[in-house]
Amino acid sequence: MASFKFSLERILSYREQQENEAKAEYAKVQAKLNAEKKRFADLKNEELLNEKKLAETPLSDLGERWLLDNYLRAVRADIVQTQQNIARIDIELDKAQKHLAEKAKDKKIMEKLKEKHFEIFKRQEHEKEQREFDEIASIRFKAQTY
């Protein structure tokens, strides 16, 4: 029996490579989003901690209160910036997910085509084998009749 060789194997390999690259890009964006969410949580904790410090600082310590107030403003600005970054990365993640789905679909199409070609190959091999058996049976039958 001859071995099966898919004529479009190089295209299938290329599409698998594209899908793997899309998976890597998706994972990279997901990691970036997780890092930004962690940064957001850390900043919120920092904000709460410094609000508590500000509330506990006596009114007579104006210098310390001024520093804490300015620091809190900076932390809040960072929080806003981080929220914007999270929104931007969410959009980026959605694009990466759609790109990955498209590449997976392209690869799946080629895999289905390969399966169909393999089924055709198996059927042709089976038919060839049947013809050979029929020919052998025919030759034996003719040999027995003489």
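Everything numeric here is computed off the predicted structure, so don't read it as measured data.
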Please determine whether a side-chain nitrogen of the Lys or Arg among [X] and [Y] lies less than 4.0 Å from a carboxylate oxygen of the Asp or Glu.
X      : Y      : answer
Arg88  : Glu92  : yes
Glu51  : Arg76  : yes
Glu111 : Lys107 : yes
Lys116 : Glu119 : no

Is it true that [X] and [Y] fall in one hydrophobic cluster, defined by side-chain heavy atoms closer than 4.5 Å?
X      : Y     : answer
Ile86  : Leu93 : yes
Phe121 : Leu12 : yes
Ile109 : Tyr14 : no
Phe40  : Leu72 : no

Can you tell me how far the [atom1] atom of [X] sits from the [atom2] atom of [Y], to the nearest 0.5 Å?
X      : Y     : atom1 : atom2 : answer
Leu113 : Leu8  : CG    : CG    : 6.0 Å
Asp42  : Lys38 : CG    : NZ    : 4.0 Å
Ile79  : Arg39 : CD1   : CZ    : 9.5 Å
Lys95  : Glu25 : NZ    : CD    : 12.0 Å
Glu102 : Gln18 : CD    : CD    : 9.0 Å
Glu64  : Tyr71 : CD    : OH    : 12.5 Å

| Heavy-atom neighbours of Glu135 CD exceed 12 at 6.0 Å |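 No, because the 6.0 Å sphere around CD of Glu135 holds 12 heavy atoms or fewer from other groups.
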| message | Between Lys105 and Lys108, is there a side-chain heavy-atom distance shorter than 4.5 Å? | response |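 Not touching, per the 4.5 Å side-chain cut-off.
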| query | Is Met110 close to Phe6 at the side-chain level, that is, under 4.5 Å between some pair of heavy atoms? | reply |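 Side-chain contact under 4.5 Å: yes.
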| query | Is it the case that Glu16 and Asn20 place a side-chain donor and acceptor less than 3.5 Å from each other? | reply |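 Absent: no donor and acceptor within the cut-off.
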| said: Using every non-hydrogen atom in the two residues, find where Arg65 and Pro58 come nearest and quote the distance to one decimal. | reply: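 So the two residues come closest at CD-O, 3.3 Å.
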| query | Looking at Phe4 and Lys114, what are the two nearest heavy atoms and their distance? | reply |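 Closest approach of Phe4 to Lys114, heavy atoms only: CZ-O, 3.9 Å.
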| With no hydrogens and no angle check, is any side-chain donor or acceptor of Ser138 less than 3.5 Å from a backbone partner on Asp134? |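 Flag not set: sc Ser138 to bb Asp134 has no pair under 3.5 Å.
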| message | So if I apply the salt bridge (Lys or Arg N to Asp or Glu O under 4.0 Å) rule between Glu125 and each of Lys122, Lys128, Arg123, which one comes out positive? | response |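 With Glu125 as partner, salt bridge (Lys or Arg N to Asp or Glu O under 4.0 Å) holds for just one option, Lys128.
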